[in-house]
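Below, each value reflects all heavy atoms present in this structure, side chains not excepted, and no hydrogens, waters or symmetry copies. Chain A is the first sequence line, chain B the second, and so forth, proteins listed ahead of strands; every chain is numbered from 1.
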Amino acid sequence: MSAVSTIDLSVRIGRLTLRNPVMPASGTFAEGLDKVMDFNRLGAFVTKTITRELRAGNPLPRVVERPGGLINAIGIPSKGVPYFIETTMPHYAAYDTPLVVSISAPTAEGFASLAAELSIPGIAAIEANISCPNIEEDGKAFAMRAESTEKVTRELRKATKLPLWVKLTPNTGDVPEVARAAEAAGADAVVVANTILSMAIDLKSFKPCLGNIMGGLSGPAIKPIVLRQVFQCAKAVKIPVIGCGGISTADDAIEYMLAGASAVQVGTATFLQPAAMTTIIDGLAAFCLRREIPRVADLIHGVVIEEADEPDLAWLDPVS
Amino acid sequence: MSIQHDQSQAAHSGAAIAGSACSSAPWKASIVAELAEVVRNEAVNAEYRHLVVNCSAEAAAAQPGQFFQLLCPQPAGEQPFLRRPMSLYGADPEKRQVEFLYKVTGAGTRGLDMLKPGDRLDIMGPLGVGFTLDPGWRHIVAVGRGAGLATLAPLAKAAKANGTQVTAVFSARRPELLVSVELFERQSAEVIAVTDSEATSGPANVERILRRQIAEGRCDAFFTCGSSRLMRVQQRLAREFGLPGQVAMEQQMACGIGLCYCCVRDFNVNGEIVNRRVCWDGPVFDLMEALP
């Protein structure tokens, strides 16, 4: 353990320095996890998404499992802002770990006013969840299009001086373009990505397995897809990319960092192994020690892409 | 309908604040996932199987009404992804064992069915808020049906330790499917069995039985699990006679530790509908606040 502690695990996300790159994914974390892990070990806290309006959440069933993953349509139950400030925030005040608040709203103006109201001492960054597939009809979300992403990010940027992370959706054709739009509008980081819009049908009843009909797939099943999106986004923008999608082990986290992630979020894995995040932190340190990598930040963008000797890829491009 | 989320999490939030305030003390986990060793995994009747595992002292300290999240082995051709919540059937702090009673109904329990003595099973717990026994209660009535009988089982020992007499009204489709009967009788509880096949399990007959218990001064509180119909009978009687009660509720779960809000149910708290998580705020709730 003492040898491992010589590894520098810290990473920078814009102005914020995190003690290590591991944090929870929004919606999979709550105060009660302090019975499972030492909160002072986490890179950051990321809260469940809060909204201004009180939300009951979606009709049940809210989750269904599929091989290698989980489809959820929880629907962001929210107790509103005063409850968050008075009751939830004090739980985190005793820890020396930055508190990132995930927010959502139906309009760009709503996002901005919520961000402004939450720009208070004790909150280290705002994560704008513009990508939840379970809020709007038919799974739509701001982050599906570059224009709406740019607009909401611009409003948010005007509303807060706090570091602004924008959480993107994997449910769009050109995630790098959306990432560029967020960067151009002033985001300090992008989180890539949210869950993958999906569906399951029960063969006994012929009914959808979820009360909300559709939901978001998470877990190991989505990791290769989101890893590719992180790789693409990290090439497209200069701001840090935070990887999120199916990370269960230190090896998964390392893969994401090699693809270009500056930090990672762990979600569904916590449902199976509640101490997954601290296990991953230990695993990162052990990997760096074994491979003689002094700083975990050295892994970022570390993927080795070798040039082909005689690239003959012209057939891929119909124009040339 | 006004929807409001529950704000009364006194037990949990109190512990969280206390834990964080003394940050100089070394932090210690109170919920752990561990690899327990299977001691026994055998059929007890045509439907239920009895699973006993060796575990840590923390797990073996589980209280009646609490549950564990089991990471089930994968049966051939199936991939149960999530853990499966399983009520505590028995806990022995001296032997460091916990027991479960389960019925094979899906991929997870088909996986449990494969376990042999000596195998390892990843268990996480104990979880949730269990039953509470008031030291002043002389006599309680436990009413259960189906899997609810397994959930009520650990009450027998706890009640005896509390000096509380138990009458158990147990309901099943057929007499041979009743479980926990001997377990209660061993703790000198009276067991009244009612079954569908003998046409004794209807709410009217159960109500007659419960009224007699109340009339004889043998019901300071109701404890129930496994049947909405029988829960409603008890709610009616509890209201009529001003008796307290507790109900262990079920709901599909994902995380089991209050994170995901998959297992919520509505509760009637002084006329207001309040949303609570079965895994974290329960699974044991006030009888009068529960909605079927």
Original post:
Taking NZ, NE, NH1 and NH2 as the nitrogens, is one of them in B:E58 or B:K28 under 4.0 Å from a carboxylate oxygen of the other?
Top reply: yes

**OP:** Using non-hydrogen atoms and a 4.5 Å limit, figure out which bit of A:L60 sits close to chain B: side chain, backbone, both or neither.
**Re:** side chain

Subject >> Aromatic ring proximity B:Y102/B:Y48, centre distance under 6.0 Å >> reply: no

Subject >> Counterpart residues, salt bridge (Lys or Arg N to Asp or Glu O under 4.0 Å), relative to B:D196 (two or more places apart) >> reply: B:R145

Subject >> Residue-level contacts of residues 73-94 of chain B with chain A, using a heavy-atom cutoff under 4.5 Å >> reply: B:Q79, B:P80, B:F81, B:L82, B:R83, B:R84

Table please: side-chain donor-acceptor pairs of residues 97-106 of chain A below 3.5 Å, with sequence neighbours left out.
from   : atom 1 : to    : atom 2 : distance (Å)
A:T97  : OG1    : A:R19 : NH1    : 2.8
A:T97  : OG1    : A:F39 : O      : 3.0
A:S102 : OG     : A:S26 : OG     : 3.3
A:S102 : OG     : A:T49 : OG1    : 2.6

**OP:** Just give me the residue among A:R62, A:E65, A:R66, A:Q273 that pairs up with chain B most often, heavy atom to heavy atom, under 4.5 Å.
**Re:** A:E65

Subject >> Donor-acceptor under 3.5 Å (A:S78 side chain, A:L54 main chain) >> reply: no

**OP:** Sorted by first residue and then second, give each salt bridge (Lys or Arg N to Asp or Glu O under 4.0 Å) pair with at least one member in residues 83-93 of chain A; sequence neighbours left out.
**Re:** none

Subject >> Donor-acceptor pair, side chain of A:T249 and main chain of A:D252, under 3.5 angstrom >> reply: yes

Original post:
Tell me, side chain or backbone of B:L71 under 4.5 Å from chain A's heavy atoms, or both, or neither?
Top reply: side chain

